Number of protein chains: 2
Amino acid sequence: MTGDRPTKERIIDATLETLRVDGFAGTSARTIARRGGLNQALIFYHFGTINDLLLAALDRAAMERREHYEEAMRDAADARDLIEVAARLYREDLEAGHITVLSELIAGSLTEPSLGPEIVARMQPWIDLAEGAIARAIEGTFVRELVQPRDLAFALVALYLGVDLLTQLDGDHARAESLFEVGRRLTVTMSMLEDGAD
Amino acid sequence: MTGDRPTKERIIDATLETLRVDGFAGTSARTIARRGGLNQALIFYHFGTINDLLLAALDRAAMERREHYEEAMRDAADARDLIEVAARLYREDLEAGHITVLSELIAGSLTEPSLGPEIVARMQPWIDLAEGAIARAIEGTFVRELVQPRDLAFALVALYLGVDLLTQLDGDHARAESLFEVGRRLTVTMSMLEDGAD
DNA sequence: GTCTATACTTGGATAGAC
DNA sequence: GTCTATCCAAGTATAGAC
């Protein structure tokens, strides 16, 4: 099955799995190699440094995920759609362990300062994506006069990240669901106000 | 000046300063000892393990801070007051480096799994504090029918944490200020709706 | 490209003298 | 309580044979 995957890909596979299972702390050249049944020296041959490998792993995970996000968000016409789409994507991310990988790398980029700027640069496209979706969802409503899509997008990404981290820390996934429920009610209220106003 | 401070206190001082300056990654028994002009072995004599020292440092920073928060929030009667108080406290935290210490320890608690549960337990009082303030601020308004103070408190703490981390990573403090501006407008809108509804 | 072996560094922690 | 000296584990990374 994985036997004929190129070594470089197998290293990335093993890296993502190690991040998911053992966290950033447990992700070293040695543990990655052990999990992937690979020789440790191959990592340095193919990627040079561990940091470059971690970034390569993040890039691959993000690329696969971004298409999915863009497609799902294209279909969301208003704020109420968007909330449902966001809740679904969050659940998928959680299931697939993408959330774990992201949280671990963000936390790790504080721990490993040389990683910081690279991680930040890779988050910008996600903020842009959120901004576009939000801009479409609130266009022509009174909310548009109240907040900049850019600020809301940043807040949303920050909130997502904070919830990830706290959830990661105490394993309580129910609270994320409560938040989506709050979002639902807020968007319902918003559209009621909107209908009453116009 | 600091000469007659007990050694245990001096170790905690040096730990907090190291977390602020060098981050979690740069905080080891050796770096703490060097910064504090202390002998490395003293750390283990007084605290046993590095983790216990980090938790002791967090406890001291939190204790000093919590009184200040409780006092400031007691004076906030409604949501508009609360936003102003929150913005002021955030700026103070930023200035004093409390935000750095907290972010580093949260990130570090993902990196150092044995730290995780302890850090989570120490965040709960802050969520409770936020919940109480929010409950008072939205009591008797239509918002109370829309969301649970508990959910909003969790979201707020998560947002605070996420903003901290991103700010920490890219050094852009302006965006946090934009968010307080958004909060201001939302609370103004909220009280306008409230006045119109009652 | 892949392997073994190893150099080098840093960190947590302890033993034992003072 | 404080110091010096040291052990041991784990990490990144490279040299050199195959």
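The sequence lines fix the lettering, A, B, ..., with proteins before strands; numbering per chain opens at 1. It should be emphasised that the depicted structure is a prediction, and the values quoted were computed from it without experimental measurement.
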Using the benzene-type ring in the case of Trp, are the ring centres of Y69(A) and W126(A) under 6.0 Å apart? yes
Taking only the side-chain heavy atoms of H46(B) (C-beta and beyond), determine which of dG11(C), dT4(C), dG1(D) contains the nearest atom. dG1(D)
From CG of L53(A) over to C1' of dA13(D), roughly how many Å is that when rounded to an integer? 14 Å
d(L105(B) CG, I119(B) CD1) to nearest 0.5 Å is 5.0 Å
Grab the CG-P distance between N39(B) and dA15(C) for me, whole Å please. 16 Å
Rounding to an integer number of Å, can you tell me how far L54(B) CG sits from dG12(C) C1'? 12 Å
D78(B)/R136(B) salt bridge by N-O under 4.0 Å criterion: no
Closest nucleotide among dT2(C), dG1(D), dT12(D) to the L42(A) side chain: dT2(C)
Can you identify which nucleotide, out of dA13(C), dA13(D), dG1(D), has its nearest atom closest to the Q40(A) side chain? dA13(D)
Starting from C1' on dT10(C), measure out to CD1 on I43(B) and report it in whole angstrom. 15 Å
To the nearest Å, give me how far apart CD1 (I11(B)) and C1' (dG12(C)) are. 15 Å
Atom-pair distance (OH on Y45(B); C1' on dC3(D)), nearest Å: 13 Å
Working note: I32(B) + I43(B), criterion side chain to side chain contact (heavy atoms under 4.5 Å, CB included); need CA distance, chi angles, decisive distance, verdict. CA-CA 9 Å; I32(B) 293 168; I43(B) 289 174; 3.9 Å; yes
With nearest nucleotides of DNA chain D determined for G26(A) and A41(A) from heavy-atom distances, which residue corresponds to the more 5′ nucleotide? G26(A)
Gap between atoms CD and P, on E112(A) and dT10(C) respectively (whole Å): 13 Å
Side-chain N or O of T7(B) closer than 4.0 Å to phosphate OP1/OP2 of dT2(D): yes
Check the distance between dG11(C)'s P and F24(B)'s CZ and give it to me in whole angstrom. 12 Å
When all nucleic acid strands are considered with a 4.0 Å heavy-atom cut-off, which category describes A29(A): base, sugar-phosphate, or nothing? sugar-phosphate
When hydrophobic residues are tied together by side-chain contacts of less than 4.5 Å, even through go-betweens, does L146(B) share a cluster with L156(B)? yes
